[in-house]
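Here is the structure we will look at.
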2 protein chains.
Amino acid sequence: MKKIKVGIVGYGNLGKAIEEIVVNKDEFELVAIFSRRKGLKSKFQSHFELTDDLKKYKGIIDIIFLSVGSFSDIEHLSKKVACDFNFVDSFDTHKKLKDYVLTLDEVAKENQKVTLSAFGWDPGLMSMIRVLFDGLSKDGGKAMSFWGKGVSQGHSDAIRRVDGVKNAIQYTIPKDEILRKCKRLYNYNLEDNEKHDRLCFVTTNAGADKKKIENDIKTMQNYFVGYDTKVNFVDEETVETMQKKMSHKGYIVDNYKILNKYKTRMELKLELQSNPYFTANIMIVGAKIVDRLLEENKFGAYTILDVPVKYFCDEEREKLLETKL
Amino acid sequence: MKKIKVGIVGYGNLGKAIEEIVVNKDEFELVAIFSRRKGLKSKFQSHFELTDDLKKYKGIIDIIFLSVGSFSDIEHLSKKVACDFNFVDSFDTHKKLKDYVLTLDEVAKENQKVTLSAFGWDPGLMSMIRVLFDGLSKDGGKAMSFWGKGVSQGHSDAIRRVDGVKNAIQYTIPKDEILRKCKRLYNYNLEDNEKHDRLCFVTTNAGADKKKIENDIKTMQNYFVGYDTKVNFVDEETVETMQKKMSHKGYIVDNYKILNKYKTRMELKLELQSNPYFTANIMIVGAKIVDRLLEENKFGAYTILDVPVKYFCDEEREKLLETKL
């Protein structure tokens, strides 16, 4: 059996989840984990390297899992990585995704590489369902997405970058009444900020100006502006306890009437005990897809919207037509 | 605006639904409806032709909707149609689908045509979700499909072919307790016949042997063998009233544990007021996909498993990356 040689860049919650799944799968060989931090160790006896030394592994590692935070230098890093490696990432800054993918596409094609981006559960799995539902319901319906209750890693990161904040966690919570309305009504459409509340728990550094912090959070562009945001100041222990629970939920509903007559409802529901492990789960399937695309010499930058669903299963197409169609 | 010139072959419930949607869409021009029956008329002033005269429209019609019953000669017919036309069908005999598609692929490529088969809601939309879920949950989970309560057109057709049967309708009904179990349990797997009951309402011809009819139904291979089947003999009016209601439901659940630890649940739910109109809805999106594949000279026989989801929306890829990813 052929083994896919993989590396992991970034060793936070997501990197650790990828590591644990990969070492439990025969199809993969984990060559090394790359981090900016020195002296890391793991109970799986993984080999660690500094991210700066990635280039040494060109030709040795087939596929990289890019699991660094979107807030960091992933845009810069990914371009460099795509010169030497194929990779999967779960980059999740929706507003930047288009440019990100188009830039990568040039680099990947030039270097005969395959990249698969934004390949998590949202963006990723839920994006795929949005496009599918919106395509079917385009005469009136609209795929409406709900997230939570669950922690948004991106928003928690964003708060931690506010001056005076020591640690923070942010819960995205669907507005109950709106959710019920969206399930019930047809040809209805709301923006994300009309559907969700944002609940923040923040620990501050000594002497910090809490009023200013609260204001800095609530007025943060692309993250909190337009949302009902609540900021709670709590102690460090409370935040740390909250950070251990990593469950999340996703929901998409699209109610529409065909020819303005026939009620049609489509729903997707996800319930996840572990957000990072589910993202890792998807990215690992993504690595198999990258491998398939490489076999077919289909170089370039892909997203979940570009990949036929047959690639998600290991079975050959004929077998899928026979057993799952 | 470019208009896609379409034809409809087969004028039952599905053909009629396709007709009504298509005449209400600017992107399509309905050239003709083809049937084996003579003298058909429609309130939409559609032009009717005999199916035998289809060849006359070669070069005139871009895409055909094949909406004849799977029980009829669709396999023979589709091969002939693929020589002269691009088409979409919702052929639903799961057991024959593989050979059907592979045969069409040769014909379509030879004649520079695109065909899109089994493109309804099951097979079709639900097949896509099964493959997606099974790909993600392959270490323990299994996408389990439920249908109903709703009428199975295929099974109703099958009963009508039994000697002595005048008219019939068949409801597929999920077993309540099993459904609840499947939602609750993890890494669980059942066959379709363990999950559903089949409830039949039958009118017989005068003097028919009801015992024999009931036995013929219950022992029918590929349709009823292995199922809990109940046969009720009723009058013609009862069946006809039932045939006017065309609602249906579809449900897929896949519960699994990542690394045998993290509970993960994925669900798809469909609630349809009209089964034929939803199938028509999907097939019409399919025609747009065929059109896109033709523009890219990608000739051959496709299924929903082979088509990237980006093709479901009219927007260009860049726009989708920007707005829906």
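Chain letters run A, B, ... following the sequence lines, proteins first, then strands; residues in each count from 1.
Using a 4.5 Å heavy-atom cutoff, the side chains of A:Lys269 and B:Lys269 are not in contact. Looking at heavy atoms from C-beta onward, A:Leu321 lies in side-chain contact with B:Thr303 at the 4.5 angstrom threshold.
When all heavy atoms of B:Asp314 and A:Lys138 are compared, the pair lying nearest together is OD1-NZ, 3.4 Å. Smallest separation of non-hydrogen atoms from B:Arg130 and A:Lys324: NE-O, 3.1 Å. Residue B:Met266 comes nearest to A:Phe278 through the heavy atom pair SD-CZ, 4.0 Å, listed as atom of the first residue, atom of the second, then distance. Considering all non-hydrogen atoms of both residues, B:Val309 and A:Met128 come closest at CG2-O, 3.6 Å.
Taking chain B as the reference chain and counting heavy-atom pairs below 4.5 Å, the highest number among A:Ile258, A:Thr264, A:Ile284 is found for A:Ile258. Note on A:Ser127, A:Gly135, A:Pro308: by heavy-atom pairs under 4.5 Å with chain B, the leading option is A:Pro308. Counting heavy-atom pairs closer than 4.5 Å to chain B, the top residue among A:Val307, A:Asp134, A:Leu272 is A:Asp134. Chain B forms more heavy-atom pairs under 4.5 Å with one residue of A:Val131, A:Leu270, A:Leu268, A:Leu102 than with any other, namely A:Val131. Interface summary for chain B: among A:Met126, A:Lys288, A:Lys261, the most heavy-atom pairs under 4.5 angstrom belong to A:Lys261. Of the listed residues A:Asn24, A:Asp139, A:Ile282, A:Leu132, the one with more heavy-atom pairs under 4.5 angstrom with chain B than any other is A:Leu132.
The aromatic rings of B:Tyr262 and A:Tyr277 sit parallel to each other, their planes meeting at less than 30°, with 60° as the upper class boundary.
Interface residue A:Tyr256: only side-chain heavy atoms are found under 4.5 Å from chain B. A:Lys25 touches chain B through its side chain: at least one heavy atom from C-beta onward sits under 4.5 Å away, while N, CA, C and O do not. Looking at A:Leu125, the atoms closer than 4.5 Å to chain B (heavy atoms on both sides) all sit in the side chain, from C-beta outward.
Between the side chains of A:Asp306 and B:Tyr311, not a single donor N or O lies within less than 3.5 Å of an accepting N or O.
A salt bridge is absent between B:Lys96 and A:Glu322: the closest approach of a Lys/Arg side-chain nitrogen to an acidic carboxylate oxygen does not fall below 4.0 angstrom.
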